[in-house]
Each structure stands twice: as C-alpha cells, then as structure tokens.
Amino acid sequence: QVQLVESGGGSVQAGGSLRLSCAASTSIYCMAWFRQAPGKEREGVASHAFGGGRTYFADAVKGRFTMSRDYAKNTLYLQMDSLKPEDTGLYYCAADFRGCADAGSLYEYWGQGTQVTVSS
C-alpha cells in the first residue's frame with residue numbers, strides 16, 4: 001500500500017502563488033494532481049512520470065503551473081502561479097506504478113486532498 005500526503009494548500013488572492021507537495025511513502029512511477037471544485041467533476045491538472053518521460057499539464061493551467069520532483073524524498077511539487085478564482089478546489093495527489101493517464105480512474109493510490117481557495 002502506498003500512502004500519499006498532500007500539503008501546501010491555503011487561501012490566496014487572485015494573482016498569488018501556492019506550492020503544493022505530495023509525499024509518497026515509496027518510489028512510484030507516476031505521480032499526478034487532480035482537482036475538484038464544488039459541484040464539478042474531478043479533473044486532471046498535471047502528471048509526471050519517473051525520469052520526466054511524460055509530463056502533462058491541463059490546458060487551463062499551462063504557463064501558470066510547474067512541477068518538480070524530488071526523487072530522494074519521493075515528493076512531487078506543484079508550483080501554482082498567477083492563480084485565478086477558477087483554480088479553487090480540493091487538490092488531490094494520485095499515483096500509480098503502471099503509468100500516467102489522463103483519467104483519474106486509472107490511478108490506484110490517492111491522497112486525502114488539500115484545499116486551495118483563490119479569491120477575486
């Protein structure tokens with residue numbers, strides 16, 4: 001069983017920045033971020049395959065969000081800049097040994113989520 005622990009959420013004004021962290025209990029091939037806003041479906045934000053073989057960003061966050069991965073700490077970071085109110089939601093870390101995918105249903109391991117609130 002793989003444990004994922006997210007941190008770094010909070011409340012900021014539009015245009016601000018936050019950095020989310022996802023610490024995994026072991027090395028794992030793909031780590032990803034999803035988010036869910038109230039009343040909306042969960043959507044993929046970004047994903048990162050081990051060694052940088054596949055890095056994905058949703059169109060809505062391209063140019064504003066970046067990722068980095070500390071392999072020694074089994075941690076994935078999501079740097080979120082130029083935040084917008086529409087970025088508000090519960091952000092989940094997901095991971096899988098098999099590979100990265102756009103669909104959340106293909107990820108076996110999930111964190112508890114961390115709240116991001118962006119006010120206008």
Side-chain angles (χ1 to χ4, degrees):
Q1 187 73 10
V2 177
Q3 282 78 46
L4 302 174
V5 179
E6 303 104 330
S7 61
S11 297
V12 296
Q13 290 191 327
S17 298
L18 286 171
R19 189 176 82 152
L20 305 184
S21 300
C22 173
S25 57
T26 188
S27 178
I28 191 163
Y29 182 69
C30 182
M31 298 181 74
W33 290 99
F34 288 79
R35 67 186 181 188
Q36 188 165 20
K40 294 187 177 181
E41 292 187 355
R42 182 179 61 195
E43 62 176 352
V45 175
S47 63
H48 184 280
F50 190 94
R54 178 186 184 276
T55 301
Y56 162 83
F57 290 96
D59 288 343
V61 306
K62 281 180 181 177
R64 299 187 297 120
F65 291 11
T66 57
M67 278 188 301
S68 60
R69 191 164 176 176
D70 187 331
Y71 293 104
K73 296 181 178 179
N74 298 325
T75 299
L76 181 70
Y77 301 98
L78 182 69
Q79 178 66 41
M80 306 186 296
D81 298 320
S82 302
L83 282 163
K84 303 176 181 180
E86 50 263 45
D87 294 317
T88 294
L90 192 58
Y91 282 67
Y92 295 93
C93 179
D96 202 282
F97 286 107
R98 297 164 293 180
C100 291
D102 294 340
S105 59
L106 297 178
Y107 286 84
E108 183 171 2
Y109 304 103
W110 290 84
Q112 297 294 324
T114 184
Q115 179 67 36
V116 171
T117 302
V118 185
S119 58
S120 57

_Please list all pairs meeting disulfide (SG to SG under 2.5 Å) that have one or both residues in residues 11-72, counting only residues at least two apart or in different chains._
C22-C93, C30-C100
*Restricting to pairs with a member in residues 15-36, which pass salt bridge (charged side-chain N to carboxylate O under 4.0 Å, His left out), not counting sequence neighbours?*
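Salt bridge (charged side-chain N to carboxylate O under 4.0 Å, His left out) check on residues 15-36 returns R35-E43, R35-D87.
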What I'd like to find out is whether the side chain of [X] reaches to under 4.5 Å of the side chain of [Y], using heavy atoms alone.
{"X": "F65", "Y": "V45", "value": "yes"}
{"X": "L20", "Y": "V116", "value": "yes"}
{"X": "Y91", "Y": "Q115", "value": "no"}
{"X": "T114", "Y": "L90", "value": "no"}
{"X": "R64", "Y": "F57", "value": "no"}
{"X": "Y77", "Y": "T66", "value": "no"}

*asked:* In this structure, would M31 and F97 fall into the same cluster of hydrophobic residues linked by side-chain contacts under 4.5 Å?
replied: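 Hydrophobic grouping puts M31 with F97.
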Which atoms form the tightest heavy-atom contact between [X] and [Y], and what is the distance?
{"X": "K40", "Y": "Q36", "answer": "O-NE2, 3.1 Å"}
{"X": "L18", "Y": "G8", "answer": "CD2-O, 3.9 Å"}
{"X": "A32", "Y": "Y107", "answer": "CB-OH, 3.6 Å"}

*Relative to the ring of W110, is the ring of F34 parallel (under 30°), tilted (30 to 60°) or perpendicular (over 60°)?*
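Judged by the thresholds at 30° and 60°, the geometry between F34 and W110 is tilted.
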_Residues which pass side chain to side chain contact (heavy atoms under 4.5 Å, CB included) with S27, listed by chain and number, not counting sequence neighbours_ =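 For S27, the residues satisfying side chain to side chain contact (heavy atoms under 4.5 Å, CB included) (neighbours in sequence not counted) are F50, N74.
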Is [X] reaching over with its side chain to a backbone N or O of [Y], donor-acceptor style, under 3.5 angstrom?
{"X": "T88", "Y": "T117", "value": "no"}
{"X": "R69", "Y": "H48", "value": "yes"}
{"X": "R42", "Y": "Y92", "value": "no"}

_Intermediate values then yes/no, side chain to side chain contact (heavy atoms under 4.5 Å, CB included), Y29 and D96_ = CA-CA 6 Å; Y29 182 69; D96 202 282; over 6 Å; no
*Taking atom CD of Q112 as the centre, report whether more than 12 heavy atoms of other residues, nucleotides or ligands fall under 6.0 Å from it.*
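At most 12 heavy atoms, drawn from other residues, nucleotides or ligands, come within 6.0 Å of this atom.
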*Do S47 and R54 have a side chain donor and acceptor closer than 3.5 Å?*
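Short answer, yes.
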*Indicate whether the side chain of D81 and that of S17 have a donor and an acceptor atom separated by less than 3.5 Å.*
yes
*asked:* I'd like to know whether L76 forms a side chain to side chain contact (heavy atoms under 4.5 Å, CB included) with M67, so could you lay out the CA-CA distance, the side-chain angles of the two residues, the decisive distance to 0.1 Å, and finally the verdict.
replied: CA-CA 7 Å; L76 181 70; M67 278 188 301; 4.1 Å; yes
*To the nearest 0.5 Å, what is the distance between CG (L83) and OG (S119)?*
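One finds 10.5 Å between CG of L83 and OG of S119.
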